[in-house]
*Asks:* 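Handing you this structure, nothing more for now.
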Amino acid sequence: MKNTYDFGLVGLGVMGRNFILNVADNGFSAFGNDLDTEKVNALIQEGGDTDKVNASTDAKTFVAALSTPRKIMLLVPAGKIVDAVIESLLPLLDEGDIIIDGGNSFFTDTDRRDAYLAEKGIHFFGAGVSGGAKGARLGPSIMPGGNREAYQYVKPIFEAVSAKYKGEPCVAYLGPKSAGNYVKMVHNGIEYGLMQLTSEIYDLLKKGGNYTNDELHEAYSKWNSGRLQSFLVQITSEILAQDDELGEGRLVDKILDKAKQKGTGKWTSQNAMDLGIPVPSIDIAVSMREISALKDERIAADKLYDRPKVEHIMDKAALEKLAEQALYFSFIITYAQGLHQLADASKEYGYELEIAEIAKIWRAGCIIRAGLLADITEAFNADALLPNLLLSPSFIEKVQSTVAAARDLVSYAAKNGIPVPGLSNSLTYFDAYTSSRLPLNLIQAQRDYFGSHTYERVDRDGIFHTEWEK
Ligand code: 6PG
């Protein structure tokens with residue numbers, strides 16, 4: 001066995017195995033490590049030539065097989081396992097070696113590990129990997145953050161294995177410390193928002209337009225060849241066409257309406273609150289997963305209350321046009337919120353993120369890839385300091401020409417008792433963000449009334465307090 005493998009990977013689950021095979025396909029030799037003998041053997045068999053792909057259950061053999069500085073990627077579940085793997089590798093590593101955590105680790109965990117490993121002379125990267133199992137095999141979007149100098153060792157491999165958009169690799173050094181994990185977290189928050197919106201539009205077409213699954217499939221696939229082109233719209237169209245192998249009809253109708261979550265969307269919302277950046281389209285997507293989980297209570301409550309029945313069925317062509325516009329509008333709003341959060345987090349945590357660079361590496365490979373991201377990249381290329389996409393001159397027309405459809409559908413849905421919280425939150429966010437005067441003057445007055453919290457005035461400088469009860 002040679003001892004010059006270019007790349008090491010711990011965790012040979014589906015993602016890890018696929019990633020390693022992708023590395024090997026791109027001309028680098030790779031060595032895997034997993035405690036599970038079956039997984040190790042399966043990889044060796046699938047890899048074919050052991051000079052290109054090899055693996056061992058033994059950490060010592062694994063570490064000894066790698067060329068230095070060692071580049072070791074971990075694709076193991078986020079949390080304590082990452083720390084345990086790091087601890088088991090540490091005594092075997094040399095100064096200058098590199099550990100890359102490719103999981104969805106919480107960003108403060110990455111900062112802690114980065115500081116701990118830096119003391120020992122080991123470089124640490126938190127690198128979000130998006131694109132699921134297929135992406136890992138054929139080209140994911142990779143979001144690495146960590147030591148800029150050490151990135152040169154990882155760069156050729158990541159650029160080779162990543163997805164390509166018009167020949168450009170969907171990976172870039174994003175910033176120090178947890179920048180990569182943070183960006184991946186917000187990617188997932190946006191993912192939650194887009195998924196919620198896609199499902200609301202599906203519901204509206206079904207309930208408001210009596211769409212069949214075939215018609216729904218056609219609508220989504222038509223949209224996917226237009227300005228809504230995106231991975232999530234594409235898979236929605238495919239999902240709607242999937243027959244149920246265990247019974248009659250389409251599979252989508254048999255799936256229980258309870259959505260699970262692993263936490264990244266919730267973290268995005270929680271941290272946006274900490275930063276003071278509003279991301280209501282993401283917040284509501286998290287809440288809707290939580291509401292969906294309360295199935296028994298929903299069934300009980302459904303019996304207790306009358307909600308309006310859908311009486312007015314809309315003309316299909318008219319509804320479909322509105323739905324396309326509203327989905328496009330609310331997708332833009334969701335990206336705008338997520339990117340706003342990234343811009344602010346960059347200042348708060350010293351990431352020095354370049355938003356255009358992030359939009360660029362999201363154009364292919366990742367779950368939120370979409371035609372829109374090419375336009376978003378251009379908007380931030382034109383103005384790197386843009387605080388919010390809604391302020392970009394190149395987005396005014398896109399938003400202005402589609403917001404009316406969102407209004408029509410939100411009011412239609414409200415009248416007919418169809419929940420569209422993602423759409424209505426996106427619309428309300430837009431209306432609030434674009435209002436030069438909001439009624440929060442009254443809130444300031446109330447705060448001052450009951451707590452002497454003071455207020456500012458619109459017509460003169462200074463801090464004021466009024467004895468309201470006098
Ligand atoms: C990706 C996905 C991936 C994973 C999500 C699912 O970018 O490839 O985001 O990371 O599928 O974490 O998240 P939930 O289980 O929370 O829906």
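In each ligand, atom 1 is the first atom listed, and ligand 1 is the first ligand listed.
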*Asks:* Any idea which protein heavy atom is nearest atom 3 (C) of ligand 1, and the distance to it?
*Replies:* Lys184 NZ, 3.9 Å
*Asks:* Would you mind running through ligand 1 and noting each atom that sits below 4.0 Å from a heavy atom of Asn188?
*Replies:*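 The list of qualifying atoms is 5 (C), 7 (O), 9 (O), 10 (O), 12 (O).
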*Asks:* List ligand 1 atoms under 4.0 Å from Asn104, heavy atoms only on the residue side.
*Replies:*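 In order of number, 10 (O), 12 (O).
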*Asks:* Can you check which of His187, Glu191, Lys134 brings a heavy atom nearest to atom 9 (O) of ligand 1?
*Replies:*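 The option holding the nearest heavy atom is Glu191.
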*Asks:* Students should be able to answer this: which protein heavy-atom is nearest to atom 16 (O) of ligand 1, and at what distance?
*Replies:* Tyr192 OH, 2.4 Å
*Asks:* Quick check: Ser130 and ligand 1, any N/O pair under 3.5 Å apart?
*Replies:* yes
*Asks:* Is atom 11 (O) of ligand 1 in close reach of the protein, with a heavy atom under 4.0 Å away?
*Replies:* no
*Asks:* Look at ligand 1 and say whether Gly132 reaches it with a heavy atom at a distance under 4.0 Å.
*Replies:*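 It does; at least one heavy atom falls under 4.0 Å.
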*Asks:* Under the 3.5 angstrom rule, does the side chain of Asp111 hit a backbone N or O of Ser178 as a donor-acceptor pair?
*Replies:* yes
*Asks:* Would you please indicate if the ring centroids of Tyr349 and Phe107 are separated by under 6.0 Å?
*Replies:*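 Ring centroids of Tyr349 and Phe107 are less than 6.0 Å from each other.
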*Asks:* Flag the pair Glu168 and Arg363 as a salt bridge only when some basic side-chain nitrogen lies within less than 4.0 angstrom of an acidic carboxylate oxygen.
*Replies:*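 A salt bridge is present here (some side-chain N lies under 4.0 Å from a carboxylate O).
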*Asks:* If you have a sec, work out which protein heavy atom is nearest atom 17 (O) of ligand 1 and how many Å separate them, to one decimal?
*Replies:* Arg289 NH1, 2.7 Å
*Asks:* Given 3.5 Å as the limit, does a donor-acceptor pair link the side chain of Asn224 with the main chain of Ser230, or not?
*Replies:*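 Side chain of Asn224 to backbone of Ser230, a donor-acceptor pair under 3.5 Å: yes, one is there.
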*Asks:* Please list all pairs meeting side chain to side chain donor-acceptor pair (under 3.5 Å) that have one or both residues in residues 70-87, counting only residues at least two apart or in different chains.
*Replies:* Arg70-Asp94, Arg70-Asp97, Asp83-Arg112, Asp83-Arg113, Glu87-Tyr116
*Asks:* Are side-chain N/O atoms of Thr198 and Thr236 paired as donor and acceptor at under 3.5 Å?
*Replies:*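 Side chains of Thr198 and Thr236: no pair found under 3.5 Å.
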*Asks:* Would you say Met195 touches ligand 1, if touching means a heavy atom closer than 4.0 Å?
*Replies:*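 Per 4.0 Å heavy-atom rule, Met195 does not contact ligand 1.
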*Asks:* Is there a donor-acceptor pair closer than 3.5 Å between any side-chain N or O of Asp58 and the backbone N or O of Thr61?
*Replies:*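 Here the side-chain-to-backbone pair exists.
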*Asks:* Tell me which protein heavy atom sits closest to atom 8 (O) of ligand 1, plus the residue, atom name and distance to 0.1 Å.
*Replies:* Gly131 N, 3.0 Å
*Asks:* Counting from 1, what ligand 1 atoms have a heavy atom of Ile367 closer than 4.0 Å?
*Replies:* 1 (C), 2 (C), 7 (O), 8 (O)
*Asks:* Would you please indicate yes or no on a ring centroid separation below 6.0 angstrom for Phe31 and Phe7?
*Replies:*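 Centroid distance Phe7-Phe31: not below 6.0 Å, so no.
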